[in-house]
Amino acid sequence: MSSKRVSLSQYLVEQQREHGNIPAQLRLLIEVVARACKRIAIAVNKGALGEVLGSAGSENVQGEVQKKLDIISNEVLIEANEWGGHLAAMASEEMDEIHVIPNRYPQGEFLLLFDPLDGSSNIDVNVSIGTIFSVLKKSPEHEGVSEADFLQPGRAQVAAGYCVYGPQTTLVLTVGAGVVMFTLDRELGGWFLVEQNVQVPADTKEFAINMSNMRHWAPPMKRYIDECLAGTTGPRGKDFNMRWIASMVADVHRILCRGGVFMYPWDAREPSKPGKLRLMYEANPMAFLIEQAGGAATNGQQRILDIQPTKLHERVSVILGSKHEVERVTGYHAEASQQ
Ligand code: AHG
Ligand code: MN
Ligand code: MN
């Protein structure tokens with residue numbers, strides 16, 4: 001083991017010392033979330049032996065069947081974050097309403113949102129899954145906390161990240177000064193820095209989209225993918241590769257590591273919904289990370305981080321990753337709306 005390893009705690013302390021961007025309460029928050037992710041990673045890793053696989057037999061507010069691990073992960077994150085005094089409230093994919101910090105604990109200034117377990121359909125088949133989180137600041141102008149305090153555009157995030165439970169357990173983080181990655185050392189039980197200044201290449205030959213929905217897409221989306229599929233003989237003049245893990249966290253992780261474009265666009269299956277993914281705890285944290293790594297993220301019309309949310313579980317169309325590809329897809333949407 002190298003003695004030059006930098007732990008998550010050391011990294012956070014040194015960042016605060018050098019740049020003053022991670023005050024003690026935010027450091028505590030990040031460390032607590034990382035600790036919760038470690039517990040989730042252990043549960044994920046035990047699989048059938050830990051009796052964590054399969055359905056919980058309930059539904060969440062979005063009408064999706066909850067898996068046991070969706071609920072376990074949600075509980076782990078709540079328990080870990082309740083007592084530290086760093087939060088005013090939490091919100092989660094798996095809870096209809098916000099969870100206000102109970103009176104027996106002190107209230108802090110931060111709001112934490114999470115998708116406790118992303119990629120639920122992959123849990124039982126041993127494919128990478130993850131936890132996504134977003135941190136906002138509560139306005140100090142009033143006492144108490146309500147859902148309205150959470151309805152801030154993504155650009156107001158003070159931190160965001162995810163943990164991917166894959167062949168390695170990796171925590172990816174931004175506090176608005178670039179993107180860093182830590183990997184969990186299971187023997188030591190600690191997170192260690194493995195990558196600083198993560199950059200998404202502006203160009204790519206790899207796209208990620210659920211192709212089975214193609215017939216339901218809007219024309220600009222269809223146009224973009226048709227052109228990719230046409231390869232060297234088409235207007236793009238190059239061959240593309242496709243990847244779809246069906247865990248946003250793992251697809252975004254690949255893009256942060258080697259570039260690519262991820263899309264979950266609006267489709268006509270449920271025309272009243274803007275898309276499948278949720279703005280506040282899936283799209284916003286991922287858009288923040290991707291932008292911090294030099295990529296781009298839009299809903300086809302608008303930068304995701306500029307969208308003003310109107311409700312906690314709002315959905316959004318997502319196009320994110322390598323900058324030039326995201327600009328191209330967004331441009332196709334603009335052209336279509338002008339015609
Ligand atoms: P979740 O498991 O938190 O509900 O999110 C699943 C999301 C996202 O992770 C993934 O990109 C997408 O759903 C997969 O959708 P398909 O089933 O259409 O592949
Ligand atoms: Mn999810
Ligand atoms: Mn989820």
Side-chain angles (χ1 to χ4, degrees), residues 33 36-37 40 43-44 52-56 58-78 90-96 112-134 160-166 172 206-217 221 225 242-256 260-270 273-287 289-290 297 299 304 312-321:
V33 169
C37 288
I40 298 169
V44 166
V52 299
L53 304 186
S55 165
S58 49
E59 278 191 2
N60 66 15
V61 67
Q62 352 242 347
E64 297 163 341
V65 175
Q66 291 175 305
K67 297 285 175 75
K68 283 185 196 160
L69 259 179
D70 288 321
I71 294 183
I72 294 167
S73 307
N74 193 58
E75 283 169 0
V76 166
L77 280 156
I78 289 179
M90 292 177 249
S92 160
E93 179 189 344
E94 305 304 342
M95 298 188 293
D96 304 8
L112 176 65
L113 299 103
F114 43 83
D115 175 353
L117 209 289
D118 176 65
S120 302
S121 72
N122 282 325
I123 297 171
D124 295 351
V125 293
N126 201 1
V127 171
S128 293
I129 49 184
T131 296
I132 309 172
F133 66 95
S134 162
Y162 63 79
C163 179
V164 58
Y165 313 114
V172 180
E206 204 160 65
F207 66 84
I209 193 164
N210 185 341
M211 288 288 291
S212 69
N213 299 326
M214 190 168 196
R215 69 188 185 284
H216 305 296
W217 296 338
M221 209 55 244
I225 294 297
M242 193 196 91
R243 287 287 183 273
W244 183 251
I245 301 172
S247 296
M248 185 196 203
V249 85
D251 281 306
V252 169
H253 190 66
R254 182 188 60 254
I255 289 171
L256 280 170
V261 57
F262 170 93
M263 292 153 289
Y264 213 118
W266 172 89
D267 72 51
R269 285 174 300 169
E270 291 183 282
K273 289 183 183 160
K276 177 178 184 181
L277 298 175
R278 279 59 52 116
L279 173 63
M280 300 213 61
Y281 41 81
E282 291 179 316
N284 272 343
M286 293 314 204
L289 286 161
I290 288 285
N299 66 354
I304 283 177
L312 198 56
H313 299 287
E314 179 166 338
R315 292 173 192 256
V316 67
S317 171
V318 174
I319 298 148
L320 60 75

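Indexing begins at 1, ligand by ligand and atom by atom, following the structure's order.
For Asp70 and Lys67, the salt-bridge test fails: no basic side-chain N is under 4.0 Å from an acidic carboxylate O.
Near ligand 1, residues Glu64, Glu93, Asp115, Leu117, Asp118, Gly119, Ser120, Asn210, Trp244, Ala246, Ser247, Met248, Phe262, Tyr264, Lys276, Leu277, Arg278, Glu282 each place a heavy atom inside the 4.0 Å sphere around the ligand atoms.
Look at Ile132 and the Mn ion (ligand 3): no N/O/S atom of the residue is under 2.8 Å from the metal. Inclusion of Glu93 in the first shell of the Mn ion (ligand 2) is not supported: no N, O or S atom falls under 2.8 Å. Residue Asp70 does not count as close to the Mn ion (ligand 3), with no N, O or S atom under 2.8 Å.
Within Asp118, the N/O/S atom positioned nearest the Mn ion (ligand 2) carries the name OD1. Nearest N, O or S atom of Asp115 to the Mn ion (ligand 3): atom OD1. For Glu282, the N, O or S atom with the smallest separation from the Mn ion (ligand 2) is OE2.
For the residue pair Pro285 and Met280, the shortest heavy atom distance occurs at CD-O, 3.6 Å.
The closest side-chain donor-acceptor pair between Glu64 and Asn60 falls under 3.5 angstrom. Asn284 and Ser134 share no donor-acceptor pair across their side chains, judged by distance under 3.5 Å alone. Side-chain contact of Glu59 with Gln66: a donor-acceptor pair under 3.5 Å is absent, judged by distance alone.
Using cut-offs of 30° and 60° for the angle between ring planes, the Tyr162 and His253 rings count as perpendicular.
A distance below 6.0 Å separates the ring centres of Phe262 and Trp244.
The distance from the CZ atom of Arg278 to the CD atom of Gln62 is 4.5 Å, given to the nearest 0.5 Å. Here the CD1-CE distance, from Ile225 to Met214, works out to 6.5 Å after rounding to the nearest 0.5 Å.
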